[in-house]
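Sequence lines set the chain letters: A, B, ... in the order given, protein chains first and strands last, and positions in each chain run from 1.
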Number of protein chains: 2
Amino acid sequence: MRRGPGRPPSSHAQRAIRAAAARLFARHGYSGTSVRDIAAGAGVDPALVNRHFGSKEGLFLATMSVDEDFRGLVDGPLGELGRAILTRVVTRMDGPGGGVFAALVGALALPEVRAHLARSTDEHVVGPLARRLSGPDADLRARLVGAQLHGLLFSLHVSPDPELAQRPRAEVLDAYARALQALIDDPTA
Amino acid sequence: MRRGPGRPPSSHAQRAIRAAAARLFARHGYSGTSVRDIAAGAGVDPALVNRHFGSKEGLFLATMSVDEDFRGLVDGPLGELGRAILTRVVTRMDGPGGGVFAALVGALALPEVRAHLARSTDEHVVGPLARRLSGPDADLRARLVGAQLHGLLFSLHVSPDPELAQRPRAEVLDAYARALQALIDDPTA
DNA sequence: TGGAATGCGTCAACGGCGTTGGCACAAATG
DNA sequence: CATTTGTGCCAACGCCGTTGACGCATTCCA
């Protein structure tokens, strides 16, 4: 995108790069998307990507995030919390930008991506849930609920089980909610 | 490794490449291991790798496999099957070659790797388990048990939760077994 | 008002990557 | 002996992420 000499000082290119990166990363994953692809999609020189975002990894971390949508995820009544959490998370991942989780998993070889995913999970699921659980091993049970969530997302969007992905979501959620609830409920009650 | 002109006709290099690849892939993952690294570790020319195994992906699929260890995984009594499956799988992944699952997940961008993992899971967990379950939605419940397994392995070895990995395995397995059992038990019973 | 500093964009190049084709040589085959 | 086959080596290809030098417009400041 060549622009005249009287162009504004702000960076239009920066937003174009972000948009192209978000689209391509979500669709083709981290290693399936090259810096040159992103630059071409944004109509920009490849070197500009690294100039603005430091590196391909920096751009990935700046665009691939799920933090904003999961506030108050574990706020419902405890007796139906398994179903509530599942509905929120799965619905989010079925919508646009659902490739984000798969893209993150595909880039876990990068330590910063591992840290990002771990922090997201801790902040929105494990931490708040552990504070709400009663009974023994609340922290352990909350972490295992996080593992269960990762497992379902994994089987739906990362290494998809076709039979599972094709079933009505309500059936899948109902059954899996029982498994989550087995860890949410106080085992001594 | 230069060898004299009277070398034996069989392929010593092939086994050296396999061994180096298994070690390096399990430790550093797919994209963290280069063909040139493997060749150097085997004392061999990089071109030999592709000559014998077709491609880096071919070598990866030939060396990274978990099939052999999971026969009869779901054969125990139904009432304690959750605990039995977990113990087998987690013990296997804690031992040497435990990096295999993480390596596979890190290479899921390759369609053949996705197919390999899906087939392994279907063959050793989902299929046999679905045949043993009673009650409604046996197939769905078996698939969700597979998702739970992936989730725990994910949180232990792919994107490790330090708090979880550090706990005594028995506590973790006991708690998670309840969650698996919630899907194994007939929900109408 | 003139000069330095800053930020944006362009271009060419670097080293590393997976992969390929050509060549050499020993062993097996007729 | 001639051919084919398997094995190994070397040089090179195109793509990758990344970097440094440079041009240019704008802004800041003495």
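- Between the side chain of A/R36 and the base of D/dG17 there is at least one donor-acceptor pair of N/O atoms closer than 3.5 Å.
- Considering only side-chain atoms of A/K56, the nucleotide from C/dT19, C/dT10, D/dG17 that sits closest is D/dG17.
- Contact annotation: side chain of A/R51 to base of D/dG17, donor-acceptor pair absent below 3.5 Å.
- With rounding to the nearest 0.5 Å, the separation of CG in B/L110 from OH in B/Y30 is 4.5 Å.
- Along DNA chain D, the nucleotide closest to B/H52 and the one closest to A/S55 are compared, and the more 5′ of them pairs with B/H52.
- Using cut-offs of 30° and 60° for the angle between ring planes, the A/F154 and B/H150 rings count as tilted.
- Projected onto DNA chain C by closest heavy-atom contact, A/L48 and B/D37 fall at different nucleotides, the more 5' of which corresponds to A/L48.
- Residue B/D45 contributes atom CG, which lies 17 Å from atom P of C/dC23 at whole-angstrom precision.
- Here the C1' atom of nucleotide C/dC14 and the CG atom of A/N50 are 14 Å apart, to the nearest Å.
- The cationic atom of B/K56 (NZ for Lys, CZ for Arg) does not lie both less than 6.0 Å from the six-membered ring centre of B/F25 and within 45° of the ring axis.
- Remark: P of C/dG18 and CG of B/L24 are 12 Å apart, rounded to the nearest angstrom.
- Looking at the side chain of A/A47, the nearest of the listed nucleotides D/dG20, C/dT20, C/dG18 is D/dG20.
- The distance from atom NE2 of B/H12 to atom P of D/dG8 is 9 Å, rounded to the nearest whole Å.
- In terms of modelled atom types and a separation under 3.5 Å, the side chain of B/R178 and the main chain of B/G82 share no donor-acceptor contact.
- The nearest whole Å value for the distance from the CD atom in A/Q14 to the P atom in C/dC8 is 7 Å.
- Counting non-hydrogen atoms under 4.0 angstrom, A/T33 reaches the backbone sugars and phosphates but no base.
- Distance A/I38 CD1 to D/dC15 P: 17 Å, rounded to the nearest Å.
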